[in-house]
Amino acid sequence: MVRTPSESAQEGTFFCLGHLERTMGLHPHAASCRAREILDRVGDKWSLQVIALLGERTKRFTELKREIEGISQRMLTVTLRGLERDGIVTRTVYPVMPPRVDYSLTPLGATLMDAANALVFWAESHLNEIDAARAEYDSRVAEIDALKKTS
């Protein structure tokens, strides 16, 4: 059982709330909690796009920024640092003026390419169905809201 922070620590604690994790001894949920942390990283708003672009070839920061529509410089920096920390991306700094920094996938990061490409392919293949489902849902919610207002 995953315990909440309000439960007693004497019962043997295990927290998996975001990145707050505290374990005492080996706990059966520890592996799935750690996997969730990694899935949160690669499944966030920007990481899959970065991984897919770096799967094409090594790129500079400015190339990535230009190719990822809507990402801010700060978010790209945060995303790249997280992926680098997890061993998915490598950062190479060249001692030239102005400084040149290249990003590429590590061998571990390259193993994500099949999964990343499959997700991107799935999303692109089902855009029309997803748009239709969203429109239907939004219509139902609007209808319910309208009924509530008239009651």
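Position 1 is the first residue of the sequence, and the numbers go up from there.
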Arg36 with Asp40: basic N within carboxylate O range, under 4.0 Å: yes

Going through the distances and angles, do Phe61 and Thr77 end up as a side chain to side chain contact (heavy atoms under 4.5 Å, CB included)? CA-CA 8 Å; Phe61 184 92; Thr77 298; 3.5 Å; yes

Could you give me the CA-CA distance, side-chain angles and deciding distance for Leu54 and Val50, then say whether side chain to side chain contact (heavy atoms under 4.5 Å, CB included) is met? CA-CA 6 Å; Leu54 293 178; Val50 169; 3.8 Å; yes

I'd like to know if Val96 and Val93 are part of one continuous hydrophobic network [Ile/Leu/Val/Met/Phe/Trp/Tyr, side-chain heavy atoms within less than 4.5 Å]. no

Looking only at atom types and distance, does a side-chain atom of Thr79 sit under 3.5 Å from a main-chain N or O of Ser47, one as donor and one as acceptor? no

Do NZ/NE/NH1/NH2 and the carboxylate oxygens of Asp102 and Arg100 come within less than 4.0 Å? yes

Pairs flagged by ring pair (Phe, Tyr, Trp, His ring centres under 6.0 Å) wherever residues 105-151 is involved - sequence neighbours left out: Trp122-His126

If you round to the nearest 0.5 Å, how far is OG of Ser72 from NZ of Lys65? 7.0 Å

Matching residue for Ile71 among Met75, Arg74, Glu67 - test: side chain to side chain contact (heavy atoms under 4.5 Å, CB included): Met75

Answer whether the closest heavy-atom distance between the side chains of Val101 and Arg91 falls below 4.5 Å. yes

Which value, rounded to the nearest 0.5 Å, describes the distance between Ile51 atom CD1 and Glu56 atom CD? 13.0 Å

Hey, is Glu63 close enough to Arg60 for a salt bridge, meaning N to O under 4.0 Å? no

Rounded to the nearest 0.5 Å, the OG atom of Ser125 sits from the CD1 atom of Ile130 at a distance of 9.5 Å

Please determine if Arg140 and Glu136 form a salt bridge, counting it only when a charged side-chain N lies under 4.0 Å from a carboxylate O. yes

For Glu84 and Arg81: C-alpha separation, side-chain torsions, deciding distance, then whether salt bridge (charged side-chain N to carboxylate O under 4.0 Å, His left out) applies. CA-CA 5 Å; Glu84 183 181 10; Arg81 283 184 185 159; over 6 Å; no

Go through Leu76 and Trp46 one step at a time and tell me if the side chain to side chain contact (heavy atoms under 4.5 Å, CB included) criterion holds. CA-CA 8 Å; Leu76 181 55; Trp46 305 110; over 6 Å; no

Thr106 pairs by side chain to side chain contact (heavy atoms under 4.5 Å, CB included) with which of Thr90, Asp86, Thr111, Val89? Thr90

Qualifying residue for side chain to side chain contact (heavy atoms under 4.5 Å, CB included) with Leu48, from Leu112, Leu119, Leu53: Leu119

Here the gap from Gln49 atom CD to Asp44 atom CG, rounded to the nearest 0.5 Å, amounts to 9.5 Å

Is it the case that over 12 heavy atoms from other parts of the model lie below 6.0 angstrom from the CG atom of Asp131? yes

